[in-house]
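These values consider heavy atoms only, across backbone and side chains, with no hydrogens, waters or symmetry-generated copies. In this text the structure is predicted, and so the values were computed from the model without any measurement.
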Amino acid sequence: MAELRVDRSSGLVGREDELALLDRALQDARQSRGGTVCVTGEPGIGKTRLAGEAITLAREAGMTVLKGRCIATGPAVPYRSLTEALLSLARAGGAPPTDALGPYLPVLGRLVPEWAIGDACDRSPIVLAEAVLRLAAACGRERGCLLVIDDLHDADLETLAVLEYLAANLALLPVAVVATLRDTPGAAHELADTLAQRGEAGLLRLGRLGAAQVHALTASCLGCPPAELPVAVSDRVLADSSGIPFTAAELIRGMRAEGRLVRTEDRWRLVGTSRAAIPFTLVRAVEQRAERLGPQTLRLLSAAAVLGRSFPLSVARRCAARDDHEPAGSLRSAVVDGLLVPDDERGPDWYAFEHPLTQEALLDRLTPADRAELAARAVAAMNELDPSLPGTWCLLAARLHGQAGDRRTAAVRYLEVARRALAGHGPGTAIAVLHEARSALGPVDGPDIHLPDDAVPAGVRRELLETLLLALADDGRLDRATEVAQQLRRADVEADPGRRVELHVRLAWAAQVAGQWDVGLEQVRAARELLPEGAGARDTAGIDVVEAYLMVSTAEQGRIGRSEQLARRAIEGAEQRGDHALACQAWYAMGFATRGRSLAESDRCFRRTLGMAAESRQVSWHNHGLIGLGSNAWLAEADLDGLHHAHQEAMRTGCVSLAHNVGAMLALDAVLRADFDRATALLDGSRAETERLQLHSVTRYALMVGAVAAAHRARRPQLRAALARFRTSGGNESREAPLVLGLAELFCALLEEDHEQAAKLAARLAAAVPPDEENYFHLAGSHGLVLLLSVLAGRADWAEVERITASQAGRMRWNRQFVGLARAVLYGREGRPAEAVAACRAAQADAVIFPTARHLGLRLVADAAVTDGWGAVRDWLTEAETYFHHSGADAVAAACRSRLRSLGAPVGQRRTGTDRIPAELVALGVTLREYDVFCLLVERVGNKAVAARLQISPRTVEKHIASLIGKTNSATRAQLCDFVADFLAAR
């Protein structure tokens, strides 16, 4: 370890080992081995001081330092400490690294206003946590970054969520996080213990100082060498402070001020020994310091202590003043004496106690009656200064009303704070505030809320509970939200039906996001039961739009038509309300519902979404509209311009989840175009991030694309692994399940020439996704590939082909290539070769950008074309054989070669193609044909099945297997199959 670089004259005593540990964490961060250290201990033990020394070390090493402090009045302002940390960077003139942040820059605009770009849609703590993570990593690219969060025990729940996310994702980043917190029970302490148990953070517990350490500390405070300090002095400090550094320092100051500790003849000595005259406790030490500053200053400090560790000076002065007069000298005296410090982060009117124990000591000297009187004076002063009670003032007022005994007003203020937090996208903070209200006022939930309560009326209690329900729904805590909703229903309290409807709508949205569509529809039904008879579109708009989104994920017959109907009525109701956000939601739902019937109509709906979003500055819905239009253009003609533009706008405006969603769609396009390198780059760049951000639907879509990529390369082991990951993520019940079935499993079976399995998969797909407009899975196969297979098998005729040709999905470019080939086959059967060739040529024109699908389609229709005498079959098969040989689809390449031989076409041997054989197998002497057999043995199929796939005889397969058993040192065929499975899985 490098030598610890710290100036021992700094006065930090007894923490050398702890500081060395933090220094190692800083060194690790500079080498991109980031981590988190939670510094815990009792009040006054030196947590903040130790973190300050770590900051000094970091700055000396050239690291970027970000520091924020949590405060007791902070829950009304989510992310307060993170805001402070980032604002310090902005004030220092540090421009945000836009190249590294991408779409996360506007997300950080929630904390730093000058970085904001419109109203970004991604408001979850997880997305913000990723943004903070990226910013810290970018700031630490050169010399590392240190993020310090002080007094974490006072943090809001959103900040704790961010810290948990950071700790889990720092391992390979140049970022060190140091958090200080008290070792008392609470959410912060539970988080620190959890992180330590997971191995995601170090837990550094600070203990009390021993005799030698207190002796050194006392000498440091007195400015003398330890050898010149009598042990009797430090023994008295140790006995009265119990080894707590802050208490020790306060006692030393008090002893000097009272003349009990004097310097004579270059030595310090104690005067007197009796403890009865002066009780050496912290409360007394602080009280004596305050009393020395005069009664006016003591009144100011007492009022400030009631307000909290950090307080607005204007309120404290009015609260403490007599005859509305409080000399400015009182404040100056308290600052000079070190009891108070300016709180520059909160503004010029704010001050804070230098240490929380100072405030606690001053509170202890007050009687309950004194506290109640000062609290009442404080809220009166706050209302005089600013009746709107901005920012943290409102929460402070709620607490003060509670201390003053005015529980009813306290409840109203708590309710206002929670509603402000919800409006500011801080559901976790709202939940914390409401839980505090419950502790301060008594239960606000449960069936007893209807009981008479003169202090807090039942109506106010119900509003608190309803707001808790909204916060839980917004925070995704569906189970807890449902419990609260049941409590509300059990309570026999009259409530505004409109408000109850809104609560059910919120629960329905929470269920929709959680993928619990049945639960969401139950909430919709409950909401509709509360509507008055004859309710119009204006009354039902909120219910209609959420049901429109829920319906598309059900298995109900006619669900798409029902979704469209609901969206239309929601549009009407939203326009009557003048609710632009609701109208955007409804138009977007309408665009989805009409896509299967008409892309032109769907485009008109998405353009309305765009127009209304632009007019009302709804950034999120503007991006949704762009994505809808881009998706339609891609489905229609594989035109990517719209999707690229939508992706850029989502990135620019900080709509992270939407950006990832579009990125996954672009990855699917790359797979269909056989641009697997681009697809891999897009997927690898987002999959881990979407999992961290808990973007479950996007992650599932990306897993689906990964399965399709493996299938289109005929890589069965990779496909098996991809399908396992997809199913583990809940893929079998997801909207993407038909796409996996058609684009992945069916496609791979055809590339492996396993036509029996392909027929089974096609039948499953046709049953699950009928080729009509009542589904959203337009590319799964029912409108294209499955139709072609049905025509080849004689199960579909012209009527079915014409029906699908006339449908919107059948006219989408990916499907057109297969529909065109199906038409060509039917023309050929009717003895119309010219029309068959023309249809095939049109299909190839549509397929030119999809090379794998193009060659597979021609391979599939080759036998029909030979039988009916149309098409350049030899040319098709020759081109397909070359393509599939080089792409590694050995089975279909071998089938092409076999068919060419049967047509009498010269087919060159591919014996020189050993470049496809892994080097390990080449070293064992495995031939190309043996390798073809080797790859199929992973499925543990019989010799006849292998022979059918490779178009060779079972006896030849038996000969190759015997050779492979010898070359791989396998004793039996079963052991050879195990060897093959392990070998391919490792690749």
Side-chain angles (χ1 to χ4, degrees), residues 674-677 679-680 709-722 747-754 851-852 855-856 859 877-901 906-987:
D675 189 350
F676 299 109
D677 289 341
T680 300
H712 281 229
R713 303 176 83 174
R715 296 185 175 180
R716 175 63 64 175
Q718 289 89 331
L719 175 59
R720 290 183 192 277
F747 217 87
C748 190
L750 292 171
L751 290 177
E752 292 174 337
E753 289 289 309
D754 191 347
T852 305
H855 293 299
L856 177 61
R859 158 72 188 110
L877 293 176
T878 299
E879 187 179 350
E881 190 278 335
T882 301
Y883 176 82
F884 288 124
H885 168 73
H886 289 296
S887 64
D890 297 327
V892 69
C896 290
R897 287 195 295 273
S898 177
R899 194 68 178 100
L900 283 168
R901 292 190 189 99
V907 180
Q909 294 294 321
R910 292 289 187 179
R911 303 300 181 192
T912 59
T914 55
D915 56 309
R916 293 192 296 109
I917 307 175
E920 301 94 322
L921 298 183
V922 171
L924 296 177
V926 175
T927 67
L928 186 59
R929 179 56 76 183
E930 288 171 352
Y931 180 60
D932 291 338
V933 174
F934 182 94
C935 291
L936 293 178
L937 288 179
V938 72
E939 300 177 43
R940 301 181 187 273
V941 295
N943 290 357
K944 289 184 178 180
V946 174
R949 299 268 200 97
L950 299 179
Q951 303 291 318
I952 58 179
S953 70
R955 188 173 183 80
T956 302
V957 173
E958 184 179 351
K959 181 184 69 173
H960 289 319
I961 289 176
S963 176
L964 286 169
I965 288 175
K967 291 178 179 180
T968 59
N969 292 322
S970 301
T972 64
R973 178 193 173 100
Q975 287 187 11
L976 174 62
C977 290
D978 291 339
F979 177 89
V980 171
D982 293 340
F983 182 87
L984 294 178
R987 298 183 64 81

Heavy-atom distance under 4.5 Å between the side chains of [X] and [Y], does that happen here?
X	Y	value
E752	C748	yes
Q975	N969	no
R720	E939	yes
R973	L937	yes
F983	E920	yes
L964	F979	no
K967	T927	yes

How many angstroms lie between atom [atom1] of [X] and atom [atom2] of [Y], to the nearest 0.5 angstrom?
X	Y	atom1	atom2	result
I961	L976	CD1	CG	7.0 Å
L751	S887	CG	OG	7.5 Å
R949	L936	CZ	CG	5.5 Å
H712	L719	NE2	CG	10.0 Å
H885	L928	NE2	CG	7.0 Å
L921	T968	CG	OG1	9.0 Å

On a heavy-atom basis, which atom in [X] and which in [Y] lie closest, and how many Å separate them?
X	Y	result
L984	P717	CB-CG, 3.7 Å
T852	Y883	OG1-OH, 2.6 Å
V926	I917	O-CD1, 3.7 Å
A981	R940	CB-NH2, 4.5 Å
S953	T956	OG-OG1, 2.8 Å
V957	V933	CG1-CG1, 4.5 Å

query: Under 3.5 Å, is there a donor-acceptor pair between the side chain of S898 and the main chain of A894?
result: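 Side chain of S898 to backbone of A894: no pair is present.
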- prompt: Is a side-chain donor or acceptor of E958 paired with a backbone partner of R955 at a separation under 3.5 angstrom?
  reply: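 Between the backbone of R955 and the side chain of E958 there is no qualifying donor-acceptor contact (under 3.5 Å).
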message: Using the rule given for side chain to side chain contact (heavy atoms under 4.5 Å, CB included), can you reason through F934 versus H960, listing the C-alpha separation, both sets of side-chain angles and the distance that settles it, and then say yes or no?
response: CA-CA 9 Å; F934 182 94; H960 289 319; over 6 Å; no
- prompt: Any ion pair linking E881 and R897 (charged N to carboxylate O, less than 4.0 Å)?
  reply: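 So R897 pairs with E881 through a salt bridge.
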query: Between E879 and R859, does at least one N-O distance fall below 4.0 Å, as a salt bridge requires?
result: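 Judged by the 4.0 Å cut-off on N to carboxylate O distance, E879 and R859 do not form a salt bridge.
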- request: Give a yes or no on this: more than 12 heavy atoms of other residues, nucleotides or ligands lie within 6.0 Å of atom NZ of K959.
  value: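 No, because the 6.0 Å sphere around NZ of K959 holds 12 heavy atoms or fewer from other groups.
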message: side chain to side chain contact (heavy atoms under 4.5 Å, CB included), that's the test. Do L950 and R929 meet it? Break it down for me.
response: CA-CA 9 Å; L950 299 179; R929 179 56 76 183; 3.8 Å; yes
- request: Look at the rings of H855 and F884 and say which category their plane angle falls in: under 30° parallel, 30 to 60° tilted, over 60° perpendicular.
  value: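 Because their plane-to-plane angle is over 60°, the rings of H855 and F884 count as perpendicular.
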Chi angles and distances behind the side chain to side chain contact (heavy atoms under 4.5 Å, CB included) call for T972, I965: CA-CA 7 Å; T972 64; I965 288 175; 6.0 Å; no
